[in-house]
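Written below as structure tokens is the structure these notes are about.
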Amino acid sequence: MMRYQVINEAICVRKVSVSALSSAASLFIGDTQTVDLRAIYETPPEKMIVGASIPIDTALPAS
Amino acid sequence: MYRRTSHVHKLDVLSVDTSSVLQIGDSRQIDAVANILAVQREQAIFYENEFMFEDYSVFSVPLTPPSLVDPICIDTFHDCPYIFIRKVEVPFVAGASIVHLGSNESITLETRVVNIRHLFQDEPNTRGRG
């Protein structure tokens, strides 16, 4: 079995500056046991629709 | 589990998006899920029955974390029981993310985003001058 040993000495930080946290991101100050982050980001070229009309099957308002 | 105490003197946050958490203090379990279907259409005409989540497989595929084959024995020793931070700046926090000051046991965050752009006309042909 793998043995993983960590010794945390004093930590003293003046400033933490993050411009932005994106989706499913975590800025954590403290101790934790389990972190599970999952993200799917999809914007493929075929998701760019070019055309003057809205498809007729979707253009009909829901009755 | 023995945990440290976090000291943060100043925290600057401007905007926290949907399903996000800004937690000050200890917590036990945080689960945040966000499904986002973003449609940018040249003209803002939208109908009720278009762009349903079920039409996009991204929102239904299972996302399972890889399982640990070998168990790991983790020993953590805190020589200093504190974490000191003078200032934390995070102006923007997007969907299903967290800013956490304090300790925790388990965090699970999940986001699925599909971006769609709909233009009514193709780009004008500039004949190489553009």
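Note on naming: letters A, B, ... go to the chains in the order of the sequence lines (proteins, then strands), and numbering restarts at 1 for each one. Heavy-atom basis, side chains included; hydrogens, waters and symmetry copies ignored. Remember, predicted model here, so these are calculated numbers, not experimental data.
Of the listed residues (Ala34(B), Cys80(B), Ala94(B), Cys73(B)), the greatest number of heavy-atom pairs within a distance under 4.5 Å of chain A belongs to Cys73(B). For chain A, the option among Gln23(B), Glu89(B), Glu42(B), Lys10(B) with the highest count of heavy-atom pairs below 4.5 Å is Glu89(B). Options Ser19(B), Ser15(B), Ser103(B), Ala38(B) differ in how many heavy-atom pairs under 4.5 Å they form with chain A, and the most are formed by Ser103(B). Contact count against chain B (heavy-atom pairs under 4.5 Å) is highest for Ile29(A) among Val35(A), Ile11(A), Leu37(A), Ile29(A). In terms of heavy-atom pairs under 4.5 angstrom with chain A, the leader among Val21(B), Ile85(B), Asp17(B) is Ile85(B). Chain A forms the most heavy-atom pairs under 4.5 Å with one residue out of His100(B), Gln29(B), Arg112(B), Arg86(B), and that residue is His100(B). Considering only heavy-atom pairs separated by less than 4.5 Å from chain A, the leading option among Leu63(B), Val93(B), Val8(B) is Leu63(B).
With 3.5 Å as the limit, one finds no donor-acceptor pair spanning the side chains of Asn115(B) and Thr43(A).
Of the possible polar contacts, none joining the Thr108(B) side chain to the Asp31(B) backbone as a donor-acceptor pair under 3.5 Å is found. Remark: the backbone N or O of Ala24(A) is paired with a side-chain donor or acceptor of Thr111(B) at under 3.5 angstrom. At distances below 3.5 Å, not a single donor-acceptor pair connects side-chain atoms of Ser6(B) with backbone N or O atoms of Leu101(B).
More than 12 heavy atoms of other shown residues, nucleotides or ligands fall within 6.0 angstrom of atom CZ in Phe53(B).
The part of Val61(B) that comes within reach of chain A is its side chain, from C-beta onward, which places non-hydrogen atoms under 4.5 angstrom from that chain. Interface remark: Ser19(A) contributes backbone atoms only to the contact with chain B (heavy atom separation under 4.5 Å).
In this structure, Phe59(B) and Tyr56(B) have perpendicular ring planes: the angle between them is above 60°, well past the 30° mark.
Between the CG atom in Asn8(A) and the NE2 atom in His78(B) there is a gap of 5.5 Å [rounded to 0.5 Å].
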